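Beneath this line is the structure, given in structure tokens, with notes to follow.
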Amino acid sequence: MLVDGFQRRITYLRLSVTDRCDLRCAYCMPREMTFLPRRELLTLEELHRLALAFMARGVRKIRITGGEPLVRRDLMDLVRSLGRAVGSGLDELTMTTNGTQLAAHADALAAAGVRRINVSLDTLDCARFAELTGADRLPQVLEGVAAAREAGLAVKINVVALRDGLPELSDLIAWAHGQGHQVTLIEVMPLGEIAQPRTEQFVPLSEVRRELEQRWTLLPSTHRTGGPARYFDVAETGGRLGFITPLSDNFCAGCNRLRVTATGQLHPCLGAAEAIDLRAALRSDEPDTALSHALDQAMRVKPERHSFAIAQGAGPAVERHMSVTGG
Ligand code: SAM
Ligand code: SF4
């Protein structure tokens, strides 16, 4: 089993399959972002083998992420192989996607054993979407969300709370709840250099909550998933709203996850520099032993908590963008 130095049991892996993306969300990466040469990425077979090594040590849930996972060609082969473990080894296989290519893949995801996905969507306004992401693709994302619903996937809409997005938030939540989708709001984190100062983007969720309470009754919910979100039921919509507050209300004490990049770097903490090279372990003479030792090392070095700060003059907590670590 994987238990770290603070007695936290690790059961959840976020596995990045690419650092590439077809969008350039302003809070995630700069417009001129450069990506790794493809030859540096792990092959799909290596990603599968890694996933098995984590499962052998007690990981029960895997989220495929990126970058944008659905831009990786042949990704569905990996999803299908991992999907076969759902119910025997894995409790759940999920994905986080920006939704631009979801319409083409929703049925295949459901057939492979995926039951729930997170779709990141910060606005329903075409012009704002294009400005925020650098691409005019809101209609494709909405088609993707609709296709996922039709395929029987439960969709959670992830929204990064941004200061200039505040006026639209309640309409976005009303739309999502109207479609039967849960919404999770996330505070923006200082990961990697971007064009805009983080201080201009950041809004604490306590403020968002006050704003939403002008319109709605938010009832604290006892619902828990083992993750960092705290939930409210919105009386007027009947929908559920999650709050993830890495900055304003630290939740690291309950951390149960590890992240692996598309090149096989294991990051025990999203907000810390530590990295363990699983690609080297995978390609060594005795990969099983080397991987098991690498996971033991991860348990020794996983920090107690991140130290994110968003303030004038404070730089990024780590140089890696979220798209590199795997969101
Ligand atoms: N491309 C996919 C997507 O957007 O859903 C998966 C990868 S993306 C890095 C995963 C999640 O990280 C998204 O929900 C995105 O909104 C969020 N994210 C990216 N940069 C962030 C930041 N600096 N702070 C908080 N959330 C961030
Ligand atoms: Fe791409 Fe996701 Fe980052 Fe947006 S948040 S740029 S969709 S990786």
Side-chain angles (χ1 to χ4, degrees), residues 4-6 14 16 18-21 23-37 40 65-68 96 98 120 122-123 128 131-134 158-166 184-208 227-229 243-255 257-277 297-298 300-327:
D4 76 0
F6 303 94
R14 293 197 167 206
S16 173
T18 179
D19 66 324
R20 284 170 195 260
C21 190
L23 301 184
R24 301 283 184 280
C25 302
Y27 50 79
C28 179
M29 57 172 79
R31 288 280 144 92
E32 63 284 2
M33 184 77 170
T34 50
F35 299 110
L36 292 165
E40 294 205 11
T65 182
E68 173 47 39
T96 299
N98 65 25
S120 305
D122 306 300
T123 177
R128 182 166 154 74
E131 190 187 304
L132 190 63
T133 67
N158 275 356
V159 183
V160 175
L162 299 170
R163 165 81 46 208
D164 61 4
L166 209 46
T184 299
L185 306 177
I186 308 165
E187 285 176 346
V188 75
M189 292 175 271
L191 301 170
E193 288 289 355
I194 50 161
Q196 198 185 10
R198 293 285 182 195
T199 44
E200 284 178 18
Q201 297 181 332
F202 178 68
V203 53
L205 289 188
S206 50
E207 187 179 332
V208 173
F243 282 62
I244 300 187
T245 54
L247 273 293
S248 65
D249 190 6
N250 185 282
F251 42 68
C252 298
C255 187
R257 61 197 60 191
L258 295 174
R259 291 177 157 88
V260 175
T261 71
T263 58
Q265 294 298 307
L266 187 165
H267 293 294
C269 173
L270 177 64
E274 281 87 355
I276 296 163
D277 187 0
Q297 192 193 345
R300 287 193 293 274
V301 303
K302 186 170 165 66
E304 184 173 13
R305 52 173 293 167
H306 66 70
S307 46
F308 292 148
I310 291 186
Q312 295 290 352
V318 289
E319 296 303 318
R320 300 185 316 265
H321 294 89
M322 184 81 146
S323 57
V324 173
T325 312

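As the structure is a prediction and not an experimental result, all values here were calculated from the model.
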### Candidate pair F251 and I244, rule side-chain contact (heavy atoms from CB on, under 4.5 Å), full reasoning
CA-CA 9 Å; F251 42 68; I244 300 187; 3.7 Å; yes

### Task
Decide, yes or no, whether a salt bridge links R128 with D164 under the criterion of side-chain N to carboxylate O below 4.0 Å.
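Result for this pair is yes, salt bridge flagged.
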
### Message
Between E207 and R163, does any NZ, NE, NH1 or NH2 come within less than 4.0 Å of an OD or OE carboxylate oxygen?
### Response
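Result for this pair is yes, salt bridge flagged.
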
Which value, rounded to the nearest 0.5 Å, describes the distance between [X] atom [atom1] and [Y] atom [atom2]?
| X | Y | atom1 | atom2 | result |
| --- | --- | --- | --- | --- |
| L162 | E200 | CG | CD | 11.5 Å |
| E304 | C269 | CD | SG | 11.0 Å |
| C25 | N98 | SG | CG | 7.0 Å |
| D122 | C28 | CG | SG | 10.5 Å |

### Message
Set out, in order, the CA-CA distance, both residues' side-chain angles and the distance that settles side chain to side chain donor-acceptor pair (under 3.5 Å) for E68 and T18, then state yes or no.
### Response
CA-CA 7 Å; E68 173 47 39; T18 179; over 6 Å; no

Could you pull out the closest heavy-atom pair between [X] and [Y], with the gap in Å?
| X | Y | answer |
| --- | --- | --- |
| H267 | A275 | CE1-CB, 3.5 Å |
| A314 | A309 | CB-O, 4.1 Å |
| H321 | P30 | NE2-CD, 3.6 Å |
| F308 | L191 | CE2-CD2, 3.8 Å |
| L23 | M29 | O-SD, 4.0 Å |
| S323 | M33 | OG-CE, 3.9 Å |

### Query
Taking atom types as modelled, is there a side-chain donor on R259 or T325 under 3.5 Å from an acceptor on the other?
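Per modelled atom types, R259 and T325 side chains form no pair under 3.5 Å.
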
### Task
I would like to know whether Q265 and D277 meet side-chain contact (heavy atoms from CB on, under 4.5 Å); could you show each step before the answer?
CA-CA 5 Å; Q265 294 298 307; D277 187 0; 3.3 Å; yes

### Partner of Q201 under side-chain contact (heavy atoms from CB on, under 4.5 Å), chosen from V160, I310, V188
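Only one of V160, I310, V188 forms a side-chain contact (heavy atoms from CB on, under 4.5 Å) with Q201, namely V188.
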
### side-chain contact (heavy atoms from CB on, under 4.5 Å), paired with L258, selected from D4, L266, I276
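The side-chain contact (heavy atoms from CB on, under 4.5 Å) with L258 is passed solely by L266 among D4, L266, I276.
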
### Task
Begin from the C-alpha positions of T96 and S120 and carry the test side-chain contact (heavy atoms from CB on, under 4.5 Å) through to its verdict.
CA-CA 7 Å; T96 299; S120 305; 4.0 Å; yes

### Task
Given side-chain contact (heavy atoms from CB on, under 4.5 Å), test Y27 with R198 step by step and report yes or no.
CA-CA 8 Å; Y27 50 79; R198 293 285 182 195; 3.9 Å; yes

